[in-house]
K.L.:
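This is the structure I want to talk about, given as structure tokens.
Each ligand, and each atom within it, is numbered from 1 in the order the structure gives.
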Amino acid sequence: MKKPAIILLYLFSIIKVVFGQQSTPVKTPKEVLDDFMTKRFGMFVHFGPVTLRGTEIGWSRNKEVAQDDYDNLYKEFNPVLFNADAIVKTAKDAGMKYLVITAKHHDGFALWPSAFTDYNISKTPYKRDMVAELAAACKKQGILFCIYHTVLDWHDPNYPIHNPYDSTKNVKGDMVAFKTQMKNELKELITKYHPYLLWFDGYWEKPWTNADGQEIYAYIKSVDPNVIVNNRLGKESEKLNDQSVGDYLTPEQRIGQLNMNEPWESCITICQQWAWKPNDKMKTVQECIQTLVKTAAGNGNLLFNVGPMPDGRIEARQVETLQQMGAWLKKYGESIYGTKGGPFAPNDNYAVTRKGNKIYLHIFQKKDDKIVLPNLPGVSITNAYVLGGSKVTYKPNAAGYIIDLPQTLPDASSNVIVLELNKNAEEIPVITAGK
Ligand code: H79
């Protein structure tokens with residue numbers, strides 16, 4: 001750009017400020033988000049005093065657990081076997097690259113000793129700062145540390161409550177005071193623990209407006225322009241547009257659809273409940289691995305949730321399943337991390353990821369002795385093999401490409417066949433047809 005043009009632009013921005021027009025709010029840099037989307041797999045941790053009752057965090061307040069009982073559980077909260085290093089190691093061994101802790105869920109309890117709310121961990125018999133310990137353990141072990149903070153707070157009299165189960169109905173609240181408090185808490189969390197990402201929840205809440213979300217987003221960016229923020233700080237949850245607040249989409253308890261345009265992350269529980277529940281039904285290793293593969297094949301990240309027990313440990317059976325995911329990723333991680341989803345949409349027979357000149361063809365079970373892939377104009381396969389194994393034969397046909405599957409597929413959960421192409425697979429437009 002020539003000098004006079006730069007001066008004009010500069011003058012224009014000054015005029016905008018002087019006449020009170022809002023300048024474009026700072027957004028999280030694209031490079032930061034692109035890097036986040038290479039991570040593919042993170043651990044969600046839902047924890048708090050409610051685990052003493054084994055019911056759902058937030059939502060069981062004044063439902064399965066009487067409100068007075070729920071709000072006093074913190075007095076008994078003493079997870080003496082909580083070991084941040086062990087939890088982070090479990091995440092790392094599972095092949096996870098980031099960890100999100102519920103610093104504050106809808107029930108309003110803070111897992112860190114906040115200067116802005118007394119309803120916090122320092123008032124429990126446990127006393128220790130779990131958020132600080134997890135942040136330190138993540139830093140030590142090379143896991144990106146992230147914080148969950150919801151926009152609602154059923155414990156705070158400034159929040160206009162409309163929880164269907166709450167006994168204190170028709171609370172008028174004071175959203176201005178509430179947002180000030182929220183900013184204080186967020187600034188405290190960001191400056192003390194330096195999260196890589198803030199995971200908000202509560203976009204559906206009636207008292208919370210999109211403008212509230214925009215205000216908080218701008219505030220967060222003024223404290224740390226690089227911290228990633230999910231889309232639940234604003235109202236829009238299904239797609240991103242000019243009005244959306246936040247950087248990426250967050251389908252809950254379902255795998256997102258193939259989407260090359262908007263970054264997304266599915267949050268899914270290893271069992272059924274977010275917080276720990278005794279004998280909760282757990283997903284099989286196959287389901288867990290296939291969930292990760294299908295998510296990556298849709299071009300998304302998987303935030304996989306565990307709820308530690310009242311003593312602070314993750315259940316042994318869950319640790320074991322996570323270890324098996326880690327063992328699978330040790331062998332096949334090349335087909336997940338840093339890949340893109342597509343170019344074919346996942347279906348019942350296969351799911352694909354791609355990187356450089358390779359397509360990774362994921363096959364969960366052998367239904368036929370071959371797979372037929374739809375034709376990609378101008379693309380030919382130059383080599384094919386089982387990842388870490390033997391060569392695979394293939395031939396083009398009128399409809400596309402026939403890939404002969406080996407007699408036995410080596411992995412019980414998910415198998416990877418590498419297809420090398422004559423060109424960069426990442427540049428191929430998505431094809432939705434085919435089986
Ligand atoms: O933290 C986890 C959930 O607690 C939180 N998001 C994930 C990450 C979440 N909170 N609320 N929701 C998701 C939407 C929940 C709606 C429901 Fe219900 C709660 C369905 C059943 C109980 C709303 C209230 C519909 C019926 C009662």
K.L.:
May I ask you to check whether His362 and Phe364 place their ring centers less than 6.0 Å from one another?
P.N.:
no

K.L.:
For atom 5 (C) of ligand 1, which protein heavy atom lies nearest, and how many Å away is it?
P.N.:
Asp201 OD2, 3.0 Å

K.L.:
Any idea which protein heavy atom is nearest atom 1 (O) of ligand 1, and the distance to it?
P.N.:
His46 NE2, 2.6 Å

K.L.:
Take Asn357 and Asn424 through the side-chain contact (heavy atoms from CB on, under 4.5 Å) test and state the conclusion after the steps.
P.N.:
CA-CA 4 Å; Asn357 74 327; Asn424 188 346; 5.8 Å; no

K.L.:
Which one of Asn230, Asn301, Asn231 satisfies the side-chain hydrogen bond (donor to acceptor under 3.5 Å, both in side chains) criterion with Thr250?
P.N.:
Asn231

K.L.:
So, for atom 21 (C) of ligand 1, does the protein have a heavy atom nearer than 4.0 Å?
P.N.:
no

K.L.:
What residue and heavy atom of the protein are closest to atom 26 (C) of ligand 1, and at what distance?
P.N.:
Tyr165 OH, 4.0 Å

K.L.:
Could you tell me whether some N/O pair between Trp204 and ligand 1 is separated by less than 3.5 angstrom?
P.N.:
no

K.L.:
Would you mind listing which atoms of ligand 1 come within a distance below 4.0 Å of any non-hydrogen atom of Phe44?
P.N.:
8 (C)

K.L.:
Keeping the roles fixed (side chain from Tyr70, backbone from Gly58), state whether a donor-acceptor pair exists under 3.5 Å.
P.N.:
yes

K.L.:
For Trp274, is at least one N or O under 3.5 Å away from an N or O on ligand 1?
P.N.:
no

K.L.:
Take every heavy atom of Glu56, measure it against each atom of ligand 1, and state whether any distance is under 4.0 Å.
P.N.:
no

K.L.:
Tell me the protein heavy atom at minimum distance from atom 16 (C) of ligand 1, and give that distance in Å.
P.N.:
Trp59 CZ2, 4.1 Å

K.L.:
Report, in ascending order of atom number, the atoms of ligand 1 lying under 4.0 Å from any heavy atom of His105.
P.N.:
1 (O), 2 (C), 3 (C), 4 (O)

K.L.:
Residues in side-chain contact (heavy atoms from CB on, under 4.5 Å) with Lys340, at least two apart?
P.N.:
Met260, Asn299, Arg354, Glu426

K.L.:
Can you tell me which residue among Thr339, Thr353, Leu376, Val418 is in a side chain to side chain contact (heavy atoms under 4.5 Å, CB included) with Ile359?
P.N.:
Leu376

K.L.:
Name all pairs fulfilling the salt bridge (charged side-chain N to carboxylate O under 4.0 Å, His left out) condition that reach into residues 99-117, sequence neighbours left out, sorted by first residue then second.
P.N.:
Lys104-Asp153, Lys104-Glu185

K.L.:
Under 4.0 Å from a heavy atom of Glu252: which atoms of ligand 1 are those, numbered in the order shown and with their elements?
P.N.:
3 (C), 5 (C), 6 (N), 7 (C), 8 (C), 9 (C), 13 (C)

K.L.:
Is there a polar contact between ligand 1 and Trp199, counting only N or O atoms under 3.5 Å apart?
P.N.:
no

K.L.:
Is there a side-chain contact between Phe304 and Ile268 in this structure, where contact means two heavy atoms from C-beta onward sitting under 4.5 Å apart?
P.N.:
yes

K.L.:
Answer whether the closest heavy-atom distance between the side chains of Val352 and Pro346 falls below 4.5 Å.
P.N.:
no

K.L.:
With a cut-off of 4.0 Å, which atoms of ligand 1 are near a heavy atom of His106?
P.N.:
9 (C), 10 (N), 11 (N)

